[in-house]
Amino acid sequence: MRTPEPVGAASRREGLVVDIALYPNRYYSQPVIFDSKHDDLPFLTSKFFLSGGVRTTTPNVPGVSDDYEEVAGYNYLFFLPDIQEFEHFNANQHTQCIGIYWYPDLLSSFQGSFEQLPVLLQQLIENPIKQRFHQPLGTTTPAMRLVLKQILQCPFRETLRQMYLEAKVLELLTLQIAQWQGNYQVLQRSLHFRSNEIERLHHAKAILNQTLQNPPSLLNLAKQIGLNDFKLKRGFREVFGTTVLGYVQSLRLEQAQQLLQGTISDSCRNCFSSGIRKHRSFWLFV
């Protein structure tokens, strides 16, 4: 994998390490596969995909799916030290992603009980060499997108820049962990759905997110994820609190609001209107 160009100074504060690096464009004229080796440092990774996506294969890693996808509009949290993985990038697609690398000690630096944290995080605080995991957390919320935009458009330099980014990183992690805990509570209310069916429902959401301009029919969507249409409709309503049609409509309204409010930068609009598909890819290391 190509080396990123650092554009921000690192800092350390109670287990928090903030650094910004600008990756070269991740845009390929043909499919490519990167062989990536994770070191053995016990840090967590939070990832927020803004565009594009990647398919990852992790052969022979206990407790982790050996083939999964990370896609635009969704966020993920994982703990995968000392493994080898293969990242598969599609042709003719640019990928923009913000990643945060952080240690479980960060949570220990705050006073209070850990009972409100997801169980896997509680276990990592007690013992950083617990079992590896890769946790898809669902759609990147409007509150998360606002913080991501503020990170990319940081208005400060030097010391103030570090202070600003540390504050925004903590805010973003708070939103992500709260989303994880909220997802767990939803799952508790949907005990009659098996875990693999819940994963298929999340896959359905990912498909709708990627095909917003021309979404599949209900029957075709059910066929793609391997559920019947009744279970798809019922699962969407019970797990996500909305219907399939309602979710598509909310995505379209949200996209329209973003355009009206100018959250898509003029430079991006100019690129798309002129046929330019390449763009920078940002990563934030914590």
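Computed from a predicted structure; not experimentally measured.
Taking CG of D66 as the reference point, atom OG1 of T57 lies at 8.0 Å (rounded to 0.5 Å). Atom CD1 of I207 and atom NE2 of H202 lie 13.5 Å apart (nearest 0.5 Å). For the atom pair CG of L106 and CG of L170, the computed distance is 6.0 Å after rounding to the nearest 0.5 Å. L44 CG to Q176 CD: the interatomic distance, rounded to the nearest 0.5 Å, is 9.5 Å. We find the NZ-OG1 distance between K205 and T242 to be 9.0 Å, quoted to the nearest 0.5 Å. Separation of atoms CG (L175) and CG (L137) is listed at 12.0 Å; rounding is to 0.5 Å.
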Side chain to side chain contact (heavy atoms under 4.5 Å, CB included) between Q123 and L121: does it pass, once the steps are laid out? CA-CA 5 Å; Q123 294 174 346; L121 288 184; over 6 Å; no
Could you walk me through whether V71 and F49 satisfy the side chain to side chain contact (heavy atoms under 4.5 Å, CB included) test, starting with their C-alpha distance in whole Å, then the side-chain angles of each, then the deciding distance to 0.1 Å, before giving a yes or no? CA-CA 6 Å; V71 297; F49 274 83; over 6 Å; no
Verdict with reasoning, T56 to V54, per side chain to side chain contact (heavy atoms under 4.5 Å, CB included): CA-CA 6 Å; T56 302; V54 60; 4.2 Å; yes
One pair to check against side chain to side chain contact (heavy atoms under 4.5 Å, CB included): L172 and I151. What are the steps and the verdict? CA-CA 10 Å; L172 192 57; I151 287 173; 4.2 Å; yes
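L208 has its side chain within reach of F236: a pair of non-hydrogen atoms, C-beta onward, lies under 4.5 Å apart. The shortest distance between side-chain heavy atoms of S46 and W102 falls below 4.5 Å. L117 places none of its side-chain heavy atoms less than 4.5 Å from the side chain of Q181. Inter-residue side-chain proximity for L165 and C154 is flagged as met; some heavy-atom pair is nearer than 4.5 Å. In this structure, F89 and F34 have side chains that are in contact, with non-hydrogen atoms separated by less than 4.5 Å. Side-chain contact between W180 and L120 is present, with heavy atoms from C-beta onward closer than 4.5 Å. The closest side-chain heavy-atom distance from Y103 to L124 is not below 4.5 Å. Here the side chains of E85 and K37 are not in contact, with every heavy-atom distance at 4.5 Å or above.
Checking side-chain atoms of Q122 against main-chain N and O of F114 turns up a donor-acceptor pair under 3.5 Å. Remark: the backbone N or O of G53 is paired with a side-chain donor or acceptor of Q93 at under 3.5 angstrom. R200 contributes a side-chain N or O that, together with a main-chain N or O of G226, makes up a donor-acceptor pair within less than 3.5 Å. No donor-acceptor distance shorter than 3.5 angstrom exists from the side chain of D39 to the backbone of D82, with no hydrogens or angles considered. Remark: side-chain polar atoms of D105 are not paired, donor with acceptor, to backbone N or O of S108 under 3.5 angstrom. Between the R55 side chain and the E87 main chain, no donor and acceptor come within less than 3.5 Å of each other. Checking side-chain atoms of Y74 against main-chain N and O of A206 turns up a donor-acceptor pair under 3.5 Å. Checking side-chain atoms of N75 against main-chain N and O of G138 turns up a donor-acceptor pair under 3.5 Å. In terms of modelled atom types and a separation under 3.5 Å, the side chain of T58 and the main chain of D67 share no donor-acceptor contact. Checking side-chain atoms of Q150 against main-chain N and O of R145 turns up no donor-acceptor pair under 3.5 Å.
The hydrophobic clustering, which links ILVMFWY residues whose side-chain heavy atoms are closer than 4.5 Å, places I125 and I177 together. With hydrophobic clusters built from ILVMFWY side chains whose heavy atoms lie under 4.5 angstrom apart, V248 shares a cluster with L227. Under the 4.5 Å side-chain heavy-atom criterion for ILVMFWY residues, no single connected hydrophobic cluster contains both F230 and L218. A continuous path of ILVMFWY side-chain contacts below 4.5 Å connects L160 to L152, so both sit in one hydrophobic cluster.
Summarising the geometry of A204 relative to L232, their closest heavy-atom pair is CB-CD1, 4.1 Å, with the distance given to 0.1 Å. Taking each heavy atom of Q179 and T139 in turn, the nearest pair found is NE2-O, 2.8 Å. Heavy atoms only, all atoms of each residue included: L212 and R252 are closest at O-NH2, 3.1 Å. Shown here for S51 and A72, the closest heavy-atom pair between the two residues is CA-CB, 3.6 Å. Heavy-atom minimum distance, N228 versus K231: OD1-N, 2.7 Å.
The aromatic rings of H134 and Y76 sit tilted, their planes meeting at an angle between 30° and 60°.
Using a 4.5 Å cut-off between side-chain heavy atoms of Ile, Leu, Val, Met, Phe, Trp and Tyr, V61 falls into a hydrophobic cluster with V64, Y68, F78, L80, I83. Applying the under-4.5 Å side-chain rule to Ile, Leu, Val, Met, Phe, Trp and Tyr, the cluster around L245 consists of that residue alone.
Side chains of N214 and T211: a donor-acceptor N/O pair is absent below 3.5 angstrom, by distance only. No side-chain donor from either of Q84 and H38 sits under 3.5 Å from a side-chain acceptor of the other.
The cationic atom of K168 (NZ for Lys, CZ for Arg) lies less than 6.0 Å from the six-membered ring centre of Y164 and within 45° of the ring axis.
No more than 12 heavy-atom neighbours from other residues, nucleotides or ligands sit within 6.0 angstrom of CG on N60.
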